[in-house]
Amino acid sequence: MKTFVVLMGAPGAGKGTQAKKLEASLGLPQVATGDLFRANLKNETELGKLARTYMDKGELVPDEVTVAMVRDRLSQPDCVHGAILDGFPRTTAQAKALDELLNEFSAKIAIVPFIDVSQDVLVERLAKRAEIEGRADDNEETIRVRMEVYQSETAPLLAYYDEKGLLVKINGEQSIHQVTEDLTEVVQEVM
Ligand code: ADP
């Protein structure tokens, strides 16, 4: 059986941190579109040059480009048993494309954990991360844009997955360890 997990949560909710922990505890690879784009940026690929123009502003990279990249990644041999998707899908079009893609692989989404964190805590965390990591898109203006894009483009996906009976809410304001425990438990139930 293949297990595809879609991790949802606002920027700063802890998706990346938790996806890495789940990768270790569940033995499924983390597929993070933000990381894939950043690797392309670093290697100065054509894809990276294109993605940069959007990422620097906090905007979304166009769906066709993102979907093609994910298709490529999920076709790699390490994804035969599934993957933990982090940062994808981010739009309704991407969610539909993912359904089709998984259909081609004779697979489907097993569960969609939503790491729930209040707006105040998110803003606080992102500001702190900006200070520590100095990620180029963690400045005040870009954070604001990313939050807005999340609200308008990505948050509607919560209802999309809830209607399919796949959404499970996880309290993201607990300790990192406790969040990992809760996530591992709900995913293991569907594996
Ligand atoms: P965050 O911590 O804000 O969730 P990510 O590392 O997931 O950030 O993504 C950083 C940037 O990469 C986004 O602001 C966007 O420009 C681009 N990106 C990542 N995933 C996607 C996606 N699924 N669709 C379009 N653009 C994306």
Side-chain angles (χ1 to χ4, degrees), residues 4-23 25 30-38 41 51-63 66 70 84-98 109-187:
F4 286 92
V5 178
V6 172
L7 266 193
M8 295 279 296
K15 289 190 302 295
T17 305
Q18 294 298 335
K20 282 196 187 71
K21 304 253 180 206
L22 285 181
E23 181 172 62
S25 65
Q30 171 198 19
V31 171
T33 41
D35 290 350
L36 293 174
F37 283 130
R38 277 186 289 276
L41 243 62
R52 185 188 299 277
T53 58
Y54 298 93
M55 292 175 78
D56 281 351
K57 290 184 272 181
E59 293 168 3
L60 294 182
V61 179
D63 286 336
T66 308
V70 171
I84 300 152
L85 296 171
D86 159 13
F88 181 91
R90 256 179 160 93
T91 64
T92 307
Q94 289 180 12
K96 297 207 164 125
L98 177 62
I109 298 169
I111 191 167
V112 182
F114 165 52
I115 307 178
D116 192 19
V117 175
S118 68
Q119 184 75 16
D120 288 351
V121 175
L122 290 174
V123 172
E124 207 177 289
R125 284 190 192 170
L126 287 172
K128 207 173 280 170
R129 182 167 86 184
E131 246 172 65
I132 299 166
E133 292 180 16
R135 224 174 77 172
D137 63 349
D138 268 346
N139 65 67
E140 214 173 295
E141 172 62 10
T142 327
I143 289 174
R144 196 183 57 74
V145 175
R146 272 154 60 211
M147 285 293 185
E148 281 174 11
V149 171
Y150 173 77
Q151 283 309 331
S152 63
E153 305 285 326
T154 311
L157 290 182
L158 298 176
Y160 178 83
Y161 288 125
D162 197 23
E163 273 159 32
K164 291 179 185 279
L166 292 171
L167 197 77
V168 177
K169 203 192 268 195
I170 302 289
N171 175 3
E173 294 187 10
Q174 310 174 92
S175 69
I176 291 180
H177 178 72
Q178 191 56 52
V179 176
T180 310
E181 296 252 295
D182 289 4
L183 280 169
T184 307
E185 190 184 317
V186 296
V187 177

Please determine whether side-chain contact (heavy atoms from CB on, under 4.5 Å) holds for the pair V149 and V145, giving the CA-CA distance in whole Å, both sets of side-chain angles, and the decisive distance to 0.1 Å. CA-CA 6 Å; V149 171; V145 175; 4.0 Å; yes
Full working for side-chain contact (heavy atoms from CB on, under 4.5 Å) between T91 and T66: CA-CA 11 Å; T91 64; T66 308; over 6 Å; no
Quick one: does any side-chain atom of E23 pair with a main-chain N or O of I84 as donor and acceptor, under 3.5 Å? no
Rounded at 0.5 Å granularity, tell me how far CG in D63 sits from CZ in F88. 8.0 Å
Check whether T33 reaches the backbone of G87 with its side chain - one donor and one acceptor, N or O, closer than 3.5 Å. yes
In Å, rounded to the nearest 0.5 Å, how long is the span from CD1 of I115 to CD of Q18? 5.5 Å
For K15 and G9, indicate whether the former's side chain and the latter's backbone hold a donor-acceptor pair under 3.5 Å. yes
L22 side chain near T184 side chain, heavy-atom distance below 4.5 Å: yes
So, are E140 and R144 salt-bridged, with charged N and O less than 4.0 Å apart? no
Worked check of side-chain contact (heavy atoms from CB on, under 4.5 Å) between V6 and L98: CA-CA 10 Å; V6 172; L98 177 62; 3.9 Å; yes
Rounded to the nearest 0.5 Å, how far apart are CD1 of I170 and CG of L183? 5.0 Å
Quick one: closest heavy-atom pair of I109 and V112, and the distance? CG2-CG2, 3.7 Å
Decide yes or no on side-chain contact (heavy atoms from CB on, under 4.5 Å) for T92 and L157, but give the supporting numbers first. CA-CA 6 Å; T92 307; L157 290 182; 4.1 Å; yes
Please report the shortest heavy-atom distance between Y161 and A95, naming the atom on each side. OH-CB, 3.6 Å
N/O donor-acceptor pair under 3.5 Å between Q30 side chain and A19 backbone: no
Which atoms form the tightest heavy-atom contact between A127 and I143, and what is the distance? N-CD1, 4.4 Å
From CD (E133) to NZ (K128), nearest 0.5 Å: 13.0 Å
Can a donor-acceptor pair be found, under 3.5 Å and without considering hydrogens, that links the side chain of E173 to the backbone of V117? no
Once you round to the nearest 0.5 Å, how far does CZ of R146 lie from CD of E153? 15.0 Å
Testing the basics here: between A110 and L166, what is the closest heavy-atom pair and its distance to 0.1 Å? O-CD2, 3.6 Å
Sidechain-backbone polar pair: Q94 side chain, R90 backbone, donor-acceptor under 3.5 Å: yes
Minimum heavy-atom separation for L122 and G12, please, with both atom names. CD2-C, 3.6 Å
Atom of P156, atom of Q151 and distance for their closest heavy-atom approach: CD-O, 3.6 Å
Which distance, rounded to the nearest 0.5 Å, do you find between the OG1 of T142 and the CD of E59? 10.0 Å
Kindly indicate whether the side chain of E181, heavy atoms from C-beta on, has any atom under 4.5 Å from the side chain of H177. yes
